[in-house]
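Read through the structure below, which is laid out as structure tokens, and then see the notes.
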Amino acid sequence: MTLLALRDISKDFGIKEILREGSFSIEEGDRVGLIGTNGSGKSTLLKMIAGLEPIDSGEIWKNASSKIVYLPQQPDLDEELTVLEQVFADSGDSMALVREYELISARLAEATGDTDQLMAMLSRVSQQIDQANAWELETQAKVVLTKLGIEDFTVKIGTLSGGYRKRVAIATALLAEPDLILMDEPTNHLDALSVEWLQTYLSRYQGALFLITHDRYFLDQVTNRILEIDRGDLLPYAGNYSYYLEKKAAQEDAAVSSQKKHAGVLRRELKWLQRGAKARSTKQKARIDRIRDMQNTEFKQARGNVDITTAGRRIGKKVVELENVTKGYDGRTLIKDFSYLFTPEDRIGIIGPNGVGKSTLMNIITGRERPDSGTVEIGTTIHIGYFDQYSDDVNINEDQRVIDYLKDVAELVTTADGTVITASKMLERFLFPPDQQYAPIHKLSGGERRRLFLLRVLMQAPNVLILDEPTNDLDVQTLGILEDYLESFNGCVIVVSHDRYFLDRTVETVFSFEGLGKLKQYPGNYSVYLDYKEKAEQTEKLKQEAAAKKVDKAQSANAKSKNSSPSKKVSYKEKREYASLEEKIPTLEEEKETLEKQLYTDPPSDYGDMQALSQRLADLTTEIDVATERWMELAELME
């Protein structure tokens, strides 16, 4: 069934053509990834589908029986609602019944007289909740919110940061169970664990997806179709991101080959004309007309890549040295006694949940913040380039022209090969055509602004480059070029990022925030770090199991020594029951552990399955308690 169809859609902002008679459709089960360079119109396309941006011409058709939910980069939420109230704002009467149940329960707890009427009301509401499956809905909501890093469900939306509001909006969209979700950069502001969970959840989601994301692992795992916006054209690819890369490379090679072949034929034909071809015969006239047609043939030029080969700067042996650095806020320690000597060859990745102090550490390194204790020393040759999350700070003049913003840093730039070029030419290398260079900054898309700020940082020729969440709002093409640039960068690189692909490409050491201000160092990139963590968790689990067995054995021996009275004779039936329970209890506990892991780390999207798992877990808990109690009774008899 077709959920959505666009027919001959066109959109032009004057200085840039976004779409030119674009057409595509989305069917049930489609998982479409929308890609393109920053400013190509990805977010605009989603807004047009959502009805928030008008189209110039064409038609957008939506299936009237289908539910479509739009998740923008910066969602608009009701600041007076709590987290749970916001998640269930569109859930109808389901959560209203739960709230009514809670109110009646509170009245019952305080009641001192006749409670028959309240009990009848509670019973009626309870039946309605069961019919609406509202209990399961609330449980599922809490699981989803927890996996997205939100544990306080009663806090008001107005008190949350932009990143946490985005998480609430994601949960709201997922729990609405639409037929189609339109998602604009859903992984922005999520830590790596939350991204991995969302990736797993969406890969099993039954509805259709149409999303924009810079996370290439995420894009590869979640999508089964790619739609590319390339200078006004919509180009479809029937596969995931890996398939797109393979086909795109083949297409570009074929286009180059075709253009070279065309040029060769045209050169030979022009030589024929230059020899003085006579236009006497019909064949000769036709050949001359064909040459003219070939001369008028236009090929779509290969899209330029971002070129960031700016010149470097000499770097000495001493870069940045942190010794016993401690920093905290409001009684909470973010960084405690951290010491490290950064070297010119370092490629460091800083990871950890949001709010643990990653950006604070970067600000301490750059001198924007002072530590509560400890010292920070920066080498005399060091020039730090800091590309942070808030490069588009409030002090920027939105009406300033793009080229003037860059000329504030330098009007001439020396590239890596020694060539001196103008700021205008450098902007062209960063995919800002001449007409866009003289437009005000507020005309740029979010991704174009980030690319402009990155250029401004690199034009200062740093030898220490600090990138704080660099992947937010940068397109996948620019990220690929940035990764290549960092491989040959002559200096120290420090990256704060949740983008697993970017970390795998760019870092060789990982510092992980692991609670109470502690930073732990791991060698290798992010994937290697995950291997270390998995092995460490397995080792710790084995140690705990061994310790528990040792305690049980000691307690058993102690109980046996205290009981000097002769044991009651144990029947053959009881011996068999004891042996059976010794085998049964570990099996039940193993099943319980598996269910808990599935329920809390990879919950099913279907509410029926969720309810069945929850019920089985409750039954197992009861069964284990009963079996363990009986085993203890028999164990006493056996002593």
Side-chain angles (χ1 to χ4, degrees), residues 192 214-216 306-322 325 338-352 357-368 376-391 415-416 430 450-451 453-474 476 478-513 519-529:
H214 61 264
D215 190 312
R216 285 150 289 179
V306 176
D307 186 348
I308 54 179
T309 54
T310 53
R313 187 188 299 249
R314 189 184 74 83
I315 183 170
K317 292 183 179 180
K318 185 173 183 179
V319 181
V320 179
E321 183 177 359
L322 277 67
V325 167
F338 177 62
S339 299
Y340 187 74
L341 177 62
F342 291 90
T343 70
E345 297 80 22
D346 267 343
R347 297 291 187 270
I348 306 291
I350 311 291
I351 64 172
K358 300 187 297 296
S359 295
T360 298
L361 178 59
M362 298 304 98
N363 287 333
I364 289 174
I365 292 173
T366 58
R368 295 186 180 188
V376 179
E377 293 186 11
I378 300 176
T380 56
T381 64
I382 297 307
H383 185 88
I384 296 176
Y386 190 11
F387 182 59
D388 67 11
Q389 296 186 61
Y390 312 103
S391 297
T415 63
F430 255 59
R450 289 284 284 170
R451 193 179 340 122
F453 304 141
L454 176 60
L455 173 57
R456 181 173 165 125
V457 170
L458 297 180
M459 281 181 62
Q460 299 172 44
N463 49 25
V464 172
L465 191 55
I466 297 179
L467 306 172
D468 191 356
E469 296 294 358
T471 63
N472 285 353
D473 298 318
L474 287 181
V476 294
T478 302
L479 288 176
I481 301 300
L482 177 58
E483 289 158 359
D484 291 339
Y485 169 79
L486 293 178
E487 284 185 1
S488 58
F489 177 73
N490 182 32
C492 175
V493 177
I494 306 171
V495 177
V496 175
S497 180
H498 63 268
D499 190 310
R500 301 155 295 169
Y501 189 100
F502 189 83
L503 288 170
D504 278 349
R505 281 284 316 268
T506 59
V507 309
E508 297 171 357
T509 302
V510 169
F511 279 105
S512 173
F513 277 82
L519 279 87
K520 188 172 181 180
Q521 181 177 346
Y522 297 86
N525 61 16
Y526 184 75
S527 291
V528 175
Y529 156 79

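Numbers here simply count residues along the sequence, with the first being 1.
I364 contributes atom CD1, which lies 6.5 Å from atom OG1 of T360 (distance to the nearest 0.5 angstrom). Between E469 atom CD and L474 atom CG the span is 11.5 Å, to the nearest 0.5 Å. Separation of atoms CG (L467) and CG (L486) is listed at 6.0 Å; rounding is to 0.5 Å. Considering CD1 of I494 and CD1 of I365, their distance stands at 4.0 Å, rounded to 0.5 Å. Separating the CZ atom in R347 from the CD atom in E487 is a distance of 9.0 Å, to the nearest 0.5 Å. In this structure, CG in L341 is found 12.5 Å from NZ in K317, a value given to the nearest 0.5 Å.
Residues P470 and L479 approach most closely at O-CD2, 4.3 Å, considering heavy atoms. G524 and V510 make their closest contact through O-CG2, 3.6 Å (heavy atoms, listed as atom of the first residue, atom of the second, distance). Shortest non-hydrogen contact noted between P344 and G316 is CG-O, 3.4 Å. Across Y386 and D468, no two heavy atoms sit closer than the pair OH-OD2, 3.7 Å. Of all non-hydrogen atoms in N463 and I315, the two that sit nearest each other are O-CD1, 3.5 Å.
Between the side chain of N525 and the main chain of L503, no donor-acceptor pair closer than 3.5 Å is present. In terms of modelled atom types and a separation under 3.5 Å, the side chain of R450 and the main chain of N472 share a donor-acceptor contact.
The side chain to side chain contact (heavy atoms under 4.5 Å, CB included) test with V496 singles out one residue from I350, L361, D388, and that residue is I350.
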